[in-house]
A.B. asks: 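This is the structure I want to talk about, given as structure tokens.
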Amino acid sequence: VIVPIPTLGGVKDLCTQEFLDTSREFVAKCNEYGCKVIAQIFSGVGMRVNDYSEKELSQIVEDLSLAAKKIKEAGYDGIEIHGAHHSLFMALYSPIENQRNDIYGGNFVNRTRLQLATVKAIREAVGTDFPFFFRFSASELCEGGANLESSILYARLLEQNGVDCIDVSAGGTAHAPKNSECPDLNLPEGVFQDIFSAIKSAVNVPVIGCGNIVSRHKAEEILKDGKADLIGIGR
């Protein structure tokens, strides 16, 4: 189970004794039933991508690595960074949303600089044996947006810098079709399977596939065909 962790006051919310005690109790109860619990941390609001200063963006590396430490201390079974859809990390990655002209804007290297630095810092903070997931939209589903070709490279770099599992979605950005990250139920099941299966073929770590997968039959079919290692359902 991947559980979003609200951080209304920023990382300091994760540093309270109340958070640690409540989390330990919650995770322990889930573990009694054989359920692993992954804490998901949001990377920031994407609509502000061009407003932050370099200093503010650079601070995120330290903030999220501290968050990861606290997540581990709180007893969670792993951590996921939400870098998909309307998140800051996705907006930085997007060649049309990101209009910055500093070290975090322009070419692919700059547009993934902060994400990869954060991933590396988190891996150093939690050690090698703590499961680390990263979620991103592998296609913005629109002309000029992030596409599968660049996302394959992105996924490989995430893996090389310490990510244990790639959680693949699509759409959901400001320039993507409306509600694209939550496909219409009239569309075929597994509407993103060509996208996440391409990422799976390019990396060695497990890949989570999602996108209008609403039946056990379809989920089993995707797994049997080797298009994904795990299935994402529910929100």
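As the structure is a computational prediction, the values presented were derived from the model and not from experiment. Sequence positions, counted from 1, serve as the residue numbers for this chain.
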A.B. asks: Given D167, which of I81, V207, I2 fulfils the side chain to side chain contact (heavy atoms under 4.5 Å, CB included) condition?
C.D. replies: I2
A.B. asks: Taking S151's backbone N and O only, do any of them form a donor-acceptor pair with N147's side chain (distance below 3.5 Å, no angle check)?
C.D. replies: no
A.B. asks: Taking S137 for its side chain and S169 for its backbone only, find out whether a donor-acceptor pair lies under 3.5 Å.
C.D. replies: no
A.B. asks: Using a strict threshold of under 4.0 Å (side-chain N to carboxylate O), is an ion pair present between E32 and K29?
C.D. replies: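 Yes, this pair counts.
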A.B. asks: Is N98 reaching over with its side chain to a backbone N or O of R111, donor-acceptor style, under 3.5 angstrom?
C.D. replies: no
A.B. asks: Do L57 and L88 have side-chain heavy atoms sitting under 4.5 Å apart?
C.D. replies: yes
A.B. asks: By side chain to side chain contact (heavy atoms under 4.5 Å, CB included), which residues pair with D21, not counting sequence neighbours?
C.D. replies: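 Only Q17, R24 meet the side chain to side chain contact (heavy atoms under 4.5 Å, CB included) criterion with D21.
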A.B. asks: Could you tell me whether the side chain of T118 and the main chain of L114 form a donor-acceptor pair under 3.5 Å?
C.D. replies: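 At least one qualifying donor-acceptor pair exists.
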A.B. asks: Might you confirm whether atom NZ of K120 has over 12 heavy atoms from other residues, nucleotides or ligands at distances under 6.0 Å?
C.D. replies: no
A.B. asks: Quick one: do K178 and D184 satisfy salt bridge (charged side-chain N to carboxylate O under 4.0 Å, His left out)? Show the steps, please.
C.D. replies: CA-CA 10 Å; K178 186 178 180 181; D184 190 309; over 6 Å; no
A.B. asks: Is the side chain of S180 donor-acceptor paired with the backbone N or O of G172 at a distance under 3.5 Å, no angle test?
C.D. replies: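 A pair under 3.5 Å: yes.
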A.B. asks: Hey, are E73 and K69 close enough for a salt bridge, meaning a charged N less than 4.0 Å from a carboxylate O?
C.D. replies: no
A.B. asks: With distance as the sole test, does D225 use its side chain to make a donor-acceptor pair with the main-chain N or O of K227 at under 3.5 Å?
C.D. replies: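 Between the backbone of K227 and the side chain of D225 there is no qualifying donor-acceptor contact (under 3.5 Å).
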A.B. asks: Surrounding CD of Q99 (heavy atoms of other residues, nucleotides or ligands, distance under 6.0 Å), is the total greater than 12?
C.D. replies: yes
A.B. asks: Near Q59 CD, under 6.0 Å, is it more than 12 heavy atoms from other residues, nucleotides or ligands?
C.D. replies: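 Yes, enclosed.
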A.B. asks: Does R48 make a cation-pi contact with Y52, if we ask for NZ or CZ under 6.0 Å from the ring centre and within 45° of the axis?
C.D. replies: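 Satisfied, under 6.0 Å and within 45°.
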A.B. asks: Does K224 come within less than 4.0 Å of E221, counting only side-chain N to carboxylate O?
C.D. replies: no
